[in-house]
Amino acid sequence: QLQLVESGGGSVQAGASLRLACKVSGDTHTRRCMGWHRQVPGKEREAVASINTGSYYSLLDDSVSGRFTISYDNAENTLYLQMTDLKPEDTAMYYCAAYFIGPGDNICDKYPSIYNIWGQGTQVSISS
């Protein structure tokens, strides 16, 4: 019901900023949770941030709180992750993901296993 396409990744120096975007198509008018998750080869996929497209409730992982900001532009059907003060440990494949929720649900879960719609990922590489 949804198609997600990420963009905005790249290779930058520590301390730099990047803005990731996830263009959403399909059933864009149904309330859902959307999130960014990242994964390094050999490690578990890690939740970074989530947002409710109806209530705009959002949650950031402690590891990125104060540096990253998640937002959803309903008019443009695009999820963003503004990343500042990037660190080498932020290096990962970043995935956009979503799962549908009820019209009265105002919060979101962060755990990757709950999300069942995924984009293809965009690589973020931070050098020291």
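All figures in this text were calculated on a predicted structure; none of them were measured in a lab.
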Sub-4.5 Å side-chain heavy-atom contact between [X] and [Y]:
{"X": "M83", "Y": "V124", "value": "yes"}
{"X": "W36", "Y": "E46", "value": "no"}
{"X": "Q3", "Y": "V24", "value": "no"}
{"X": "I117", "Y": "L4", "value": "yes"}
{"X": "V40", "Y": "T91", "value": "no"}
{"X": "L18", "Y": "F68", "value": "no"}
{"X": "Y95", "Y": "R38", "value": "no"}
{"X": "K23", "Y": "S7", "value": "no"}

For [X] and [Y], work out which heavy atoms get closest and say how close.
{"X": "S128", "Y": "A14", "result": "CA-CB, 4.4 Å"}
{"X": "V64", "Y": "D90", "result": "CG1-OD1, 4.5 Å"}
{"X": "S17", "Y": "Q82", "result": "CB-NE2, 4.2 Å"}
{"X": "G121", "Y": "M93", "result": "C-SD, 3.7 Å"}

Next item on the list: Mind checking ring pair (Phe, Tyr, Trp, His ring centres under 6.0 Å) for Y115 and listing every partner two or more places apart, or none if nothing turns up?
Entry: H37, Y99
Notebook entry, point to check: Just by modelled atom types, is the R67 backbone N or O under 3.5 Å from a matching donor or acceptor in the T84 side chain?
Noted result: yes
Next item on the list: Examine R31 relative to F100 and say whether NZ or CZ is less than 6.0 Å from the centre of the six-membered ring and inside a 45° cone about the ring axis.
Entry: no
Note to self: Quick one, K110 with D61, criterion side-chain contact (heavy atoms from CB on, under 4.5 Å). Give me CA distance, side-chain angles, the key distance, then yes/no.
What the structure shows: CA-CA 9 Å; K110 70 174 184 178; D61 187 78; 4.0 Å; yes
Return the [atom1] to [atom2] distance between [X] and [Y], rounded to the nearest 0.5 Å.
{"X": "S25", "Y": "N77", "atom1": "OG", "atom2": "CG", "value": "8.5 Å"}
{"X": "Q13", "Y": "S125", "atom1": "CD", "atom2": "OG", "value": "11.5 Å"}
{"X": "I114", "Y": "I101", "atom1": "CD1", "atom2": "CD1", "value": "11.5 Å"}

Please report, to 0.1 Å, the donor-acceptor pairs under 3.5 Å made by any side chain of residues 48-60, with sequence neighbours excluded.
| unit_1 | atom_1 | unit_2 | atom_2 | d |
| --- | --- | --- | --- | --- |
| N52 | OD1 | G54 | N | 2.8 |
| N52 | OD1 | S55 | N | 3.0 |
| N52 | ND2 | D105 | O | 3.0 |
| N52 | ND2 | I107 | O | 3.3 |
| T53 | OG1 | R32 | N | 3.1 |
| T53 | OG1 | R32 | O | 3.2 |
| S55 | OG | Y57 | N | 3.2 |
| S55 | OG | N106 | O | 2.6 |
| Y56 | OH | N74 | ND2 | 3.2 |

Next item on the list: Could you verify whether a donor N or O on one side chain and an acceptor N or O on the other, from D62 and S65, lie under 3.5 Å apart?
Entry: no
Notebook entry, point to check: Just by distance, with hydrogens left out, do E6 and Q120 show a side-chain donor and acceptor under 3.5 Å apart?
Noted result: yes
Margin query: Let's go through Y72 and M34 carefully: what are the C-alpha distance in whole Å and the side-chain angles of both, what is the deciding distance for side-chain contact (heavy atoms from CB on, under 4.5 Å) to 0.1 Å, and is it a yes or a no?
Written below: CA-CA 9 Å; Y72 184 73; M34 299 199 68; 3.7 Å; yes
Next item on the list: Applying side-chain contact (heavy atoms from CB on, under 4.5 Å), run through Y94 and Q123 and close with a yes or a no.
Entry: CA-CA 6 Å; Y94 283 71; Q123 180 68 40; over 6 Å; no
Note to self: Run the side-chain contact (heavy atoms from CB on, under 4.5 Å) test on I70 and Y80 for me, step by step, so that the C-alpha distance in whole Å, both residues' side-chain angles and the decisive distance to 0.1 Å come before the verdict.
What the structure shows: CA-CA 6 Å; I70 188 171; Y80 294 99; over 6 Å; no
